[in-house]
Number of protein chains: 2
Amino acid sequence: MAKLDPALDMAFAALSDPTRRRILERLARGPATVSELHAVHDMSLPSFTAHLKKLESAGLITSKKEGRVRSCALSPEAFAPVQDWLAEQRALWQGRLDRFDAYVTQISEERKP
Amino acid sequence: MAKLDPALDMAFAALSDPTRRRILERLARGPATVSELHAVHDMSLPSFTAHLKKLESAGLITSKKEGRVRSCALSPEAFAPVQDWLAEQRALWQGRLDRFDAYVTQISEERKP
DNA sequence: ATCAAGCTTAGCCATATGGCTAAGTAATCA
DNA sequence: TGATTACTTAGCCATATGGCTAAGCTTGAT
């Protein structure tokens, strides 16, 4: 519905990177610290934290620093707009299909009698 | 599931731009020519066709040139991997929630007797 | 008081992205 | 044939993205 939706832009952009999707997959199983998340990624820490930052500014994760440790958690509700947009697309397309069906049906009805 | 999925990368990246989402929303209602699609976008034609190219290389639309006119159509099946990934995420997250519920239930059970 | 752990900041680099104009090509129309 | 339509290609530009290293800064442990 929204003509211009920067939140949606950022969410989709954040999801377009495989490193970031892996991070989300990990966080779906529960919170983790930056170091824990970084451990399985063959990448420098600064590069890695840039990905976390992007996920956080897209609203897909939250993080909080306690002492010298930052822990991250998924923000599952942030996925809703994305899924909603896709669902709406599907509905539009389905609507078109249904109307096409109706049209075909109508044509064949008209040819019968 | 796929550790590395360039198709998913490209689909999400294609969806991260508002111009491209508007194009998809239009195409969900039915096919259209490049000119028709371009008409409602305040942008030069070359810039606009670059968006179409990106959508097409992400597999989200197809196009075919007949004479001097190129017409574009949605490829609805290309949305499946995207929706599947999101659904899987949701499932992971839900699984975690359920296990947490079970844990809480177990704890309260243990306190009762 | 030192040292180590766990990030963070700063700066650099290469490539990608998203926009433009100007010029080119191919198909239809008059 | 000549003009017009409908893109297409080429080239330029600014900013964003994704990677790096080196140095800094808290916090926690010794």
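Because the structure is a prediction, the values reported are computed rather than measured.
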The side chain to side chain donor-acceptor pair (under 3.5 Å) partners of B:Arg20 (sequence neighbours excluded) come to B:His51

Applying side chain to side chain donor-acceptor pair (under 3.5 Å), which residue pairs with at least one partner in residues 53-63 of chain B are found, sequence neighbours left out? B:Glu56-B:Ser63, B:Ser63-B:Arg70

Side-chain donor/acceptor of B:Arg22 to backbone N/O of B:Val40, under 3.5 Å: yes

Positions of residues 48-64 of chain A (non-hydrogen atom under 4.0 Å from DNA chain C), listed by number: none

Please list, in 5' to 3' order, the outermost nucleotides of DNA chain C lying under 4.0 Å from any heavy atom of chain B. C:dT17 to C:dT28

All side chain to side chain donor-acceptor pair (under 3.5 Å) counterparts of B:Arg68, not counting sequence neighbours: none

For residues B:Leu37 and B:Leu27, determine if any side-chain heavy atom of one lies less than 4.5 Å from a side-chain heavy atom of the other. yes

Please list residues of residues 29-44 of chain A whose heavy atoms come under 4.0 Å from any atom in DNA chain D, ordered by number; otherwise none. A:Met43, A:Ser44

Under the side chain to side chain contact (heavy atoms under 4.5 Å, CB included) rule, collect the residues that match up with A:Ala28, sequence neighbours excluded. A:Leu74, B:Gln89, B:Leu92

Strictly under 3.5 Å: I want the nitrogen or oxygen pairs between protein and nucleotides 27-30 of chain D, one per line.
unit_1 : atom_1 : unit_2  : atom_2 : d
D:dT27 : O2     : A:Arg68 : NH1    : 3.1
D:dG28 : O4'    : A:Arg68 : NH2    : 3.4

B:Glu66: what forms a salt bridge (Lys or Arg N to Asp or Glu O under 4.0 Å) with it, not counting sequence neighbours? B:Lys64

Residues in side chain to side chain contact (heavy atoms under 4.5 Å, CB included) with A:Ser47, at least two apart? A:Met43, A:Ser44

Residue list, side chain to side chain donor-acceptor pair (under 3.5 Å) with A:Gln83, at least two apart or on another chain: B:Arg90

Which residues pass the ring pair (Phe, Tyr, Trp, His ring centres under 6.0 Å) test with A:Phe48, not counting sequence neighbours? A:His38, A:His41

Drop me the distance from B:Leu86's CG to A:Leu15's CG, to the nearest 0.5 angstrom. 6.5 Å

Evaluate the side-chain proximity of A:Val82 to A:Leu8: yes if any heavy-atom separation is below 4.5 Å, no if none is. yes

